[in-house]
Amino acid sequence: MRPLLLYVALAIAYTGATTLADGVSPQEARQLRDEVRDMFYHAFDGYMEHAFPLDELRPLSCKGEDSLGGYALTLIDSLDTLALLGDREKFSSAVEWISRNVQFNIDKTVSVFETTIRILGGLLSAHLIASDYVTGMKVQNYNNELLHLAEDLALRMLPAFDTPTGIPFGSVNLRHGVDENESKITSTAGGGTLTLEFGVLGRLTNNTIFERVTKNAVRGIWARRSKIDLVGAHINVFSGEWTQKDAGIGTSIDSFYEYLLKAYLLFGDEEYLFMFQEAYKAAMRYLHHDPWYVEVNMNSAATVWPLFNSLQAFWPGLQVLAGDIDPAIRTHAAFFSVWKKYGFTPEGFNLATLSVQNGQRSYPLRPELIESTYWLYKATRDSRYLEVGRDMLASLQYGAKCPCGYCHISDVESHKQDDHMESFFLAETVKYLWLLFDLAVDSDNIVESGPYKYIFSTEGHFLPATPEISLANEHCSYIGAFCKGDERGSYGISSNIHDSKDRNGTQKVEFDASLIAKSLDLVGARSFVKGNCVGLTHAQKFGISYFEGKEDQSTVEGKEIRTELEEKTEIGDDNTVENENPGKLSDGETREEDKEFLKISQFVIKEDNKNANQEAQTIHDDS
């Protein structure tokens, strides 16, 4: 069923019925910004006093609870918000405490997705602030402790990626790896929203394994998209079969789209841009019923769920980053109309009955609509978005504020409070609200006026587009390019391959692009490493697009019946790789660099062939 007239009627009713308050003056914007700052400290101080070092605050009872791993989750998630507010004292104290007290050698099974976006992202963002004088928040005597913690944590999550498809398990034990009874089903967002954090870590530590396994996971999902370029919600990481074929932009899928675009913006990798363009085009064609979005069957595009869910609210902000402003404005207005109706957005709002969806009545302090409001104001400077922000702030102050922090709303109609405060309230919700009003005042903060352009992770952690992160492919190739010859880094020209020592004094080697290309062969990605050949489309260059059936010329262009990924490079049920020894040179000599690449690739590849296994083990042992 496609009730198009209903969607049109809803668009008119909800975009036209919203009557915003009077305009926000600069003086009022300053007052609102200060009110948001007070909101942050009411919740943060409540956490530090009543819950720390447990993970999260119970703001009604003024107690704490461990919800993720038992390592001061809310403090780590709040680090870059403290820096954003210019609170040098609390930021420095938090960095020092975490450096001394947090460790991840614990017997706990954690979510790979949540641990990556909250803990790994929080540590990396804070490290990049604390280690750099030009941020204005350099921590005295800081010696990369947060980076070391982040690296240790990521290494402990790597076993989750050891699957035939490359798509990781949803959970991993930080001490023992993946349990033999762990579910083989994961969400698309869970497997495809790891590239920013792991990619940044890989570039800061010069360890390519982190970036490669997460990119392989994205490829594993994208290669299994439908013939109309839609992805489902849940997938089996061993068989590659979709276990839930509902396609949408909300729950279980949302940040997969987000990280395709943001990985391109941060790393400059055109492969991500190509995937985003194809995925976005399909979403706008099959999921968009202006101004709403619905869930459809990924193969037939038949509507299966005419529902607005609160996680969809990030989409207008993503459209701003993609440069598609007009539909973002209309969709944001529709989504905000739901907030106006209830004072908050419920987890689900049924577009057919115009009512809150049963079982989805709560508002867990989500940031997505506030995030999109910030991006639209930044793009348009339209004062209506300040008014939207003012209404949202009022709702939070009058409906969610409780004795020690801010409470979940268990029912958006009754406004009944629930005794829980997720760490993302301080990492995202308050952060985007503060940035919105600060943008209207003077924008004198590290994000808007700092030394770098920043990309926000899906948890709201801002990651800088520094030369070390964003220009890694231009490593030391010209005067002024970033060189990784020592721990401080330098600028200039040096050899493509050079030695350095890690923090333990162990000799390590950095590699040029040709060696990185060779390492990609090890994980079954040969067809992705093809130079820029003039005349090839993105699909032909990367070999990852296919399509069957009749389509218009613009859709069919560049698409093929079967992908090289499926035929040559996908690690399927037999887990085989191309029959070659990447550690051997043509003259029979073995490079030390290639031995190292083969060593780290053991996390990703299992070789069924016994002889190949023995050969790989020999090289591993020799290295």
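From a predicted model like this one, the values you see are computed outputs, not experimental measurements.
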For Asp87 and Tyr41, which I'm curious about, is there any donor-acceptor pair between the side chains at under 3.5 Å? yes

Using the ring-ring contact (aromatic ring centres under 6.0 Å, His included) rule, take Phe210 and Phe161 through it: C-alpha gap first, then chi angles, then the decisive distance, then the call. CA-CA 10 Å; Phe210 298 122; Phe161 293 87; 9.5 Å; no

Could you check whether any side-chain heavy atom of Pro53 comes within less than 4.5 Å of a side-chain heavy atom of Leu75, counting everything from C-beta outward? no

Would you mind reporting whether Leu149 and Ile119 have side-chain heavy atoms less than 4.5 Å apart? no

Does any donor atom in the side chain of Glu56 or Thr74 lie under 3.5 Å from an acceptor atom in the other side chain? no

With distance as the sole test, does Lys108 use its side chain to make a donor-acceptor pair with the main-chain N or O of Gly69 at under 3.5 Å? yes

Worked verdict on His42 versus Tyr406 for side chain to side chain donor-acceptor pair (under 3.5 Å): CA-CA 8 Å; His42 174 64; Tyr406 287 81; 5.4 Å; no

Checking Ser78 side chain against Thr81 main chain: does a donor-acceptor pair fall under 3.5 Å? no

For the residue pair Phe267 and Thr195, what are the closest heavy atoms and their distance? CE1-O, 3.6 Å

Please enumerate all residues that pass side-chain contact (heavy atoms from CB on, under 4.5 Å) together with Glu49, with sequence neighbours excluded. none

Decide if the gap between the ring center of Tyr280 and the ring center of Trp315 is smaller than 6.0 angstrom. yes

Is Phe462 close to Ile455 at the side-chain level, that is, under 4.5 Å between some pair of heavy atoms? no

Does Gly190 offer a backbone N or O that forms a donor-acceptor pair with the side chain of Thr186 under 3.5 Å? no

Could you tell me whether a side-chain N or O of Asp55 sits under 3.5 Å from a main-chain N or O of Leu73, the two making a donor and an acceptor? yes

Are more than 12 heavy atoms from other residues, nucleotides or ligands located less than 6.0 Å from atom NZ of Lys453? no

Between Trp375 and Phe314 (judged by ring centroids, cut-off 6.0 Å), do the two rings come close enough to count as a pair? no

When you check the side-chain N and O atoms of Glu258 and Thr458, is any donor under 3.5 Å from an acceptor? yes

For Leu57 and Ala43 the tightest heavy-atom approach is CD2-O, 4.1 Å

State, with a plain yes or no, whether a side-chain heavy atom of Met275 is found less than 4.5 Å away from one of Tyr264. no

Will you find, in the side chains of Gln397 and Glu35, an N or O donor that is under 3.5 Å from an N or O acceptor? yes

Go through Phe52 and Trp97 one step at a time and tell me if the ring-ring contact (aromatic ring centres under 6.0 Å, His included) criterion holds. CA-CA 12 Å; Phe52 175 78; Trp97 186 91; 4.6 Å; yes

Please answer whether the main-chain N or O of Gly122 pairs with a side-chain N or O of Asp77 as donor and acceptor at a distance below 3.5 Å. no

Could you tell me which non-hydrogen atom of Ser449 sits nearest to which non-hydrogen atom of Asp444, and how far apart they are? OG-CA, 3.8 Å

Ring-ring centroid check Tyr377 Phe437, cutoff 6.0 Å: no

Evaluate the side chain to side chain contact (heavy atoms under 4.5 Å, CB included) criterion for residues Phe344 and Leu365: first the C-alpha distance (whole Å), next the side-chain angles of each, then the deciding distance (0.1 Å), finally the verdict. CA-CA 9 Å; Phe344 303 100; Leu365 304 177; 5.9 Å; no

Residues Glu468 and Arg203 bridged, charged N to O under 4.0 Å: no

Partner set under salt bridge (charged side-chain N to carboxylate O under 4.0 Å, His left out) for Asp438, not counting sequence neighbours: Arg33

For Glu65 and His420, does a side-chain donor sit closer than 3.5 Å to a side-chain acceptor? yes

Looking at every non-hydrogen atom in both residues, tell me the closest pair between Leu204 and His127 and how far apart they are. CD1-CD2, 4.0 Å

Between Arg219 and Glu271, is there a salt bridge with N-O shorter than 4.0 Å? yes

Of all heavy-atom pairs between Phe169 and Ser183, which one has the smallest distance, and what is that distance? CD2-O, 3.4 Å

Heavy-atom check, side chain of Glu448 versus side chain of Lys378, under 4.5 Å: yes

Are Thr205 and Glu151 linked by a side-chain donor-acceptor pair shorter than 3.5 Å? no

side-chain contact (heavy atoms from CB on, under 4.5 Å) partner of Asn173, the single match among Val178, Asp179, Val110, Thr109: Thr109

Go through Phe424 and Glu459 one step at a time and tell me if the side chain to side chain contact (heavy atoms under 4.5 Å, CB included) criterion holds. CA-CA 7 Å; Phe424 60 65; Glu459 186 71 7; 3.3 Å; yes

Taking side chain as C-beta onward, heavy atoms only, is Ile235 less than 4.5 Å from Ile185? no

From CA spacing to verdict: ring-ring contact (aromatic ring centres under 6.0 Å, His included), Tyr257, Phe276: CA-CA 7 Å; Tyr257 288 102; Phe276 174 77; 7.6 Å; no

Do the charged groups of Arg58 and Asp419 touch, with an N to O distance under 4.0 Å? yes

So do the side chains of Asn105 and Arg175 get within less than 4.5 Å of each other, counting heavy atoms only? yes

pair Thr116-Glu114: side-chain heavy atoms closer than 4.5 Å: no

Ignoring hydrogens and geometry, is there a side-chain-to-backbone donor-acceptor pair from Asn207 to Gly202 under 3.5 Å? no

Counting distance only, does the side-chain N/O of Ser187 pair as donor-acceptor with the main-chain N or O of Ala233 below 3.5 Å? no

Test side chain to side chain contact (heavy atoms under 4.5 Å, CB included) applied to Ser362 and Asp418, step by step: CA-CA 9 Å; Ser362 66; Asp418 183 42; over 6 Å; no

Rounded distance (nearest 0.5 Å) linking atom CG of Leu32 with atom CZ of Arg37: 15.0 Å

Going through the distances and angles, do Tyr432 and Glu368 end up as a side chain to side chain donor-acceptor pair (under 3.5 Å)? CA-CA 9 Å; Tyr432 285 120; Glu368 285 78 13; over 6 Å; no

If we ignore angles and hydrogens, is there a donor and acceptor under 3.5 Å between the side chains of Asp132 and Tyr452? yes

Please confirm whether the backbone N or O of His461 pairs with a side-chain atom of Ser457, one donor and one acceptor, at under 3.5 Å? yes

Applying side chain to side chain donor-acceptor pair (under 3.5 Å), run through Thr429 and Arg366 and close with a yes or a no. CA-CA 7 Å; Thr429 308; Arg366 290 204 184 278; over 6 Å; no

Applied to residues 62-174, the disulfide bond (SG atoms under 2.5 Å apart) test, sequence neighbours excluded, yields Cys62-Cys404

Reference residue Arg212; test side-chain contact (heavy atoms from CB on, under 4.5 Å); the match among Thr214, Asn216, Ile209: Ile209

Show the numbers, then the answer: is there a side chain to side chain contact (heavy atoms under 4.5 Å, CB included) between Tyr454 and Ile446? CA-CA 9 Å; Tyr454 287 92; Ile446 188 174; 3.6 Å; yes

What are the two closest heavy atoms between Pro168 and Leu194, and how far apart are they? CG-CD1, 3.9 Å

